[in-house]
2 protein chains.
Amino acid sequence: MVTIYDIAKRAGCASSTVSKALNNSNQVSKKRKEEILALAKEMGYVPNSNARLLKTKNSWSIGILFSEDLNIGLEHHFFSGVLQEFKTYVEALGYEVTFVSKKVGAQSLTYLEWCKYKNIDGVLILTVDVDDVNLKELTESGIPIVSVDNGLINVPTVISDNFQGTRMALEYLMLKGAKHIAHISGPLRSFSAVERLEGYKDTLKKSDVEVDENLIVEAYNYDYNSGKNALLQLIKQYKGVPDAIYAASDDIALGAIIALRELGYKVPDDVSVIGFDNIELTRYTSPSLTTVSQNKMMVGTEAAKHLIALINNEKNIAPGIVKRVPVELIIRESTK
Amino acid sequence: MVTIYDIAKRAGCASSTVSKALNNSNQVSKKRKEEILALAKEMGYVPNSNARLLKTKNSWSIGILFSEDLNIGLEHHFFSGVLQEFKTYVEALGYEVTFVSKKVGAQSLTYLEWCKYKNIDGVLILTVDVDDVNLKELTESGIPIVSVDNGLINVPTVISDNFQGTRMALEYLMLKGAKHIAHISGPLRSFSAVERLEGYKDTLKKSDVEVDENLIVEAYNYDYNSGKNALLQLIKQYKGVPDAIYAASDDIALGAIIALRELGYKVPDDVSVIGFDNIELTRYTSPSLTTVSQNKMMVGTEAAKHLIALINNEKNIAPGIVKRVPVELIIRESTK
DNA sequence: TTGTAAGCGTTATCAC
DNA sequence: GTGATAACGCTTACAA
């Protein structure tokens with residue numbers, strides 16, 4: 001390994017001069033600087049992050065909290081898309097992106113301990129078990145944190161505009177003549193699920209439609225099977241099929257559609273169905289899915305911007321929702 | 001920040017003793033050890049990775065090379081699924097997972113420089129521009145590297161069994177009576193695309209079917225639009241529609257199906273179509289897609305195993321394909 | 001403009 | 001068993 005001492009020896013100067021030259025300090029003559037830089041290149045010098053960071057403290061490193069304890073893995077389009085954008089944004093600024101871990105070698109650490117151990121500059125919380133005991137410790141530690149779309153109310157959060165999305169979906173259905181609109185909500189431990197449910201009730205009330213609790217079912221999860229089960233539950237408790245269904249995710253919507261089909265109902269002829277997410281393939285399903293499209297790019301970028309601002313102490317960012325990212329209604333074949 | 005000196009002071013011993021106790025050395029009395037451990041906990045001591053790694057060299061850290069220059073982002077199910085599995089596997093062993101970056105603060109680095117800078121133990125190459133000049137430097141550096149499913153022949157590679165998958169797909173089509181089977185290949189800069197194309201030709205030859213070059217089209221990319229364009233090209237050069245199409249990815253297959261539909265052909269009545277990947281939603285497309293399913297979990301785990309073995313110098317792993325992961329033919333509605 | 005030297009928080013090598 | 005002390009490679013006062 002080539003160190004600044006090796007360079008200093010060859011250059012016939014002190015290591016501190018090399019350090020200054022490498023860091024482009026103006027306390028070094030231009031000639032020396034060029035000479036040292038050339039030498040560094042020739043000798044294949046690469047600085048050692050550990051030595052550097054041991055001195056300077058800040059790490060240029062951002063942690064991603066991404067618990068796979070939940071069944072939502074990286075495979076989930078929304079989160080992986082958000083992560084992609086986030087990563088691109090912060091890397092361009094010179095940060096590196098590391099997954100927050102719970103272990104180092106054989107030793108177990110809490111999230112906070114790991115962040116301290118690594119001198120992490122900030123954390124993006126993507127998915128996490130809200131009840132995780134280690135989480136509170138982290139969110140209260142003072143480390144810059146931004147969260148995306150989950151139930152952590154004590155953390156600055158970037159989220160899709162669930163109210164706007166819900167309103168657009170319902171108003172469209174009503175415009176098309178739907179009278180009895182059901183809602184299959186997401187699991188209510190999720191923040192977005194709660195917002196979409198609230199939005200559902202609000203919108204109906206504002207349109208002078210009475211909220212019928214029998215038209216509301218909570219899916220156990222955001223996935224396909226939960227949607228299927230929820231639909232069966234809906235039919236059971238409502239004792240029939242509504243005009244339309246507003247589902248809290250595309251997967252739920254697709255599960256519901258398949259369940260409806262198996263029961264002999266046609267979508268959209270008998271029932272209109274709207275999803276939420278705009279997973280790419282919903283364009284190609286049968287019927288293609290009308291859905292509320294989340295702007296993953298903007299969510300990722302906004303999360304990055306807010307986290308960087310926090311790290312740089314640029315402004316005070318209060319816990320709670322710091323940005324509602326606009327959504328869009330994509331009309332396809334599953335509604336009539 | 002609590003250091004071992006702080007603990008030493010409180011414990012009334014030397015910092016080296018604290019270090020030994022913390023590292024569970026047997027050169028320290030049981031009583032002392034317990035006392036120090038209790039004190040460390042009470043004082044909220046967390047070791048400093050930079051100081052530690054400055055001494056010990058190995059970093060317990062694995063880099064993920066994931067270039068977004070290609071259009072294949074984290075959103076691609078296959079790669080994000082593989083990454084998820086890989087991450088889970090190596091984290092359980094105590095490694096942390098970091099994306100390989102090209103910048104540190106304001107400074108640009110090559111991949112290799114970054115890996116040296118961070119003292120990375122090993123690298124998983126997920127997606128990368130094969131022609132990237134920085135790549136060669138990295139793969140020839142001697143740093144442990146494993147790659148997944150791409151064209152880097154000079155690196156130990158874990159890959160789906162494209163030959164087996166192709167054979168199963170084609171034999172199924174032939175069994176069902178297809179005489180003229182076209183192949184929409186992936187972009188041939190991709191290793192898997194080449195293998196699937198080779199497998200196509202081999203299988204036909206072994207079945208005494210003459211290979212008709214007009215039945216082969218290369219898609220510009222693995223995505224939907226490339227599939228659409230490739231299909232139009234196919235029809236043009238073949239001057240008609242074949243009995244069946246074997247596409248190198250699900251997205252290509254779906255693009256082709258839509259293009260066929262727009263031209264008035266029915267799938268599977270007029271043409272059977274088989275994809276590759278088994279993206280989850282292909283169950284719900286119309287028609288649902290017959291496809292070769294890749295085992296993301298196993299690819300991720302195998303890549304992890306091989307990389308760890310390389311890091312630990314457990315065995316000599318030759319460049320080239322080190323593991324072909326079995327695939328499975330999933331029969332659905334797009335074939336008859 | 002350059003050099004000296006202290007220190008960042010560990011681990012590891014010796015003595016004792 | 002325990003404790004000095006010297007590294008690890010770098011940055012940064014401060015001195016020259």
Side-chain angles (χ1 to χ4, degrees), chain A residues 1-37 39-40 43-60 104-107 109 113-120, chain B residues 1-37 39-40 43-61 104-107 109 113 115-120:
Chain A
M1 176 179 227
V2 182
T3 72
I4 55 172
Y5 290 97
D6 301 326
I7 299 178
K9 209 177 290 170
R10 286 264 310 261
C13 68
S15 63
S16 58
T17 308
V18 174
S19 174
K20 283 168 196 158
L22 255 21
N23 289 299
N24 203 20
S25 155
N26 50 11
Q27 300 182 50
V28 175
S29 71
K30 200 177 162 201
K31 195 179 147 219
R32 256 277 148 78
K33 199 183 284 184
E34 282 168 1
E35 182 193 1
I36 289 173
L37 257 36
L39 221 40
M43 299 171 73
Y45 169 79
V46 176
N48 177 312
S49 71
N50 293 129
R52 172 130 81 191
L53 300 177
L54 183 55
K55 270 305 268 190
T56 57
K57 304 298 184 188
N58 69 339
S59 66
W60 287 103
V104 172
Q107 200 175 8
L109 300 176
E113 283 170 345
W114 188 88
C115 290
K116 284 184 172 170
Y117 174 74
K118 296 300 293 184
N119 246 295
I120 285 289
Chain B
M1 174 179 230
V2 182
T3 71
I4 54 172
Y5 288 99
D6 302 326
I7 299 177
K9 209 178 289 168
R10 286 265 309 263
C13 68
S15 64
S16 54
T17 307
V18 175
S19 174
K20 282 169 197 157
L22 256 20
N23 289 297
N24 203 21
S25 156
N26 50 10
Q27 298 183 50
V28 62
S29 73
K30 202 180 163 202
K31 196 181 145 214
R32 256 275 147 78
K33 201 183 282 184
E34 282 168 2
E35 182 194 3
I36 289 173
L37 256 37
L39 221 40
M43 298 170 74
Y45 168 78
V46 176
N48 178 311
S49 71
N50 293 129
R52 170 130 82 192
L53 300 177
L54 182 55
K55 267 307 268 190
T56 58
K57 303 300 183 186
N58 71 338
S59 66
W60 287 102
S61 166
V104 172
Q107 202 175 6
L109 300 176
E113 284 170 345
C115 290
K116 285 185 172 171
Y117 174 73
K118 295 299 291 184
N119 244 295
I120 285 290

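What's counted below: heavy atoms across the whole structure, side chains too, no hydrogens, waters or symmetry copies.
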- Does A:Ser49 use its side chain to pair, donor to acceptor, with the backbone of B:Tyr117 at less than 3.5 Å? yes

- Measure from the side-chain heavy atoms of B:Ser16 and tell me the nearest of D:dC8, D:dA4, C:dG3. D:dA4

- Item | Spacing of A:Leu53 atom CG relative to C:dT10 atom P, expressed in whole Å | 15 Å

- Value in whole Å for how far the P atom of C:dT10 lies from CG of B:Asn50: 11 Å

- Reckon B:Tyr45 touches a base, only the sugar-phosphate, or nothing at all at heavy-atom distances under 4.0 Å? sugar-phosphate

- Item | B:Lys20 (side chain) and D:dG3 (base): donor-acceptor pair under 3.5 Å | yes

- Item | Pair B:Asn24-B:Lys33, side-chain donor/acceptor within less than 3.5 Å | yes

- Query: Just by distance, do the side chain of A:Asn23 and the backbone of A:Ser25 share a donor-acceptor pair under 3.5 Å?
  - Reply: no

- Message: Let me spell it out: for each of A:Ser15 and A:Gln27, pick the nucleotide of DNA chain C with the closest heavy atom. Which residue's pick is nearer the 5' end?
- Response: A:Gln27

- Base, sugar-phosphate, or nothing for B:Val46, non-hydrogen atoms under 4.0 angstrom? sugar-phosphate

- Within this structure, what is the NZ-to-P distance between B:Lys55 and C:dC8, rounded to whole angstrom? 17 Å

- Which nucleotide, D:dG9, D:dG3, D:dT11, lies nearest any side-chain atom of A:Thr56? D:dT11

- Would you say B:Arg52 reaches C:dG9's phosphate, i.e. side-chain N/O to OP1/OP2 under 4.0 Å? no

- Note on the structure: With the side chain defined as heavy atoms from C-beta on, B:Ser29 is closest, among D:dT2, C:dC8, D:dC10, to D:dT2

- Query: Just how far, in rounded Å, is C1' of C:dT1 from CD of A:Glu34?
  - Reply: 15 Å

- Measure across A:Leu22 and A:Leu37 and return the closest heavy-atom pair with its distance rounded to 0.1 Å. CD1-CD1, 3.7 Å

- Between A:Thr17 and C:dT2, does any side-chain N or O lie under 4.0 Å from OP1 or OP2? no

- Between C:dT11 (P) and B:Asn48 (CG): distance, integer Å: 10 Å

- Message: Please report the interatomic distance NZ(A:Lys118) to CH2(A:Trp114), rounded to the nearest 0.5 Å.
- Response: 6.0 Å

- Task: Answer with base, sugar-phosphate or nothing: what part of the nucleic acid does A:Asn23 contact at a heavy-atom distance below 4.0 Å?
- Result: sugar-phosphate

- Query: Given C:dG3, D:dG3, D:dG9, which nucleotide is nearest the side-chain atoms of A:Arg32?
  - Reply: C:dG3

- Task: Have a look at B:Lys57 and say if it touches a base, only the backbone sugar-phosphate, or nothing, with a 4.0 Å heavy-atom cut-off.
- Result: sugar-phosphate

- Task: Give a yes or no on whether the backbone of B:Arg52 and the side-chain of B:Thr56 come within a donor-acceptor separation of less than 3.5 Å.
- Result: yes

- Task: To the nearest Å, give me how far apart NZ (A:Lys118) and P (C:dT10) are.
- Result: 14 Å

- Item | Whole-Å gap separating C1' (D:dT11) and CG (A:Asn24) | 15 Å

- Under 4.0 angstrom, heavy atoms only, what part of the nucleic acid is B:Thr3 near: base, sugar-phosphate, or nothing? sugar-phosphate

- Query: Within the modelled atom types, does a donor on one side and an acceptor on the other bring the side chain of A:Tyr5 and the base of D:dC10 under 3.5 Å apart?
  - Reply: yes

- Item | Donor-acceptor contact present, side-chain B:Asp6 to main-chain B:Thr3, <3.5 Å | yes

- Query: Considering the terminal five base pairs at each end of the helix from C:dT1-D:dA16 to C:dC16-D:dG1, what angle separates the two local helix axes, rounded to 10°?
  - Reply: 40°

- Query: Over how many whole Å does the gap from A:Leu22 atom CG to C:dT2 atom P extend?
  - Reply: 15 Å

- Note on the structure: Between A:Met1 and B:Cys13, the residue closer to the 5' end of DNA chain D by nearest nucleotide is B:Cys13

- Message: Under 4.0 Å between a side-chain nitrogen and a carboxylate oxygen: does that hold for B:Glu35 and B:Arg32?
- Response: yes

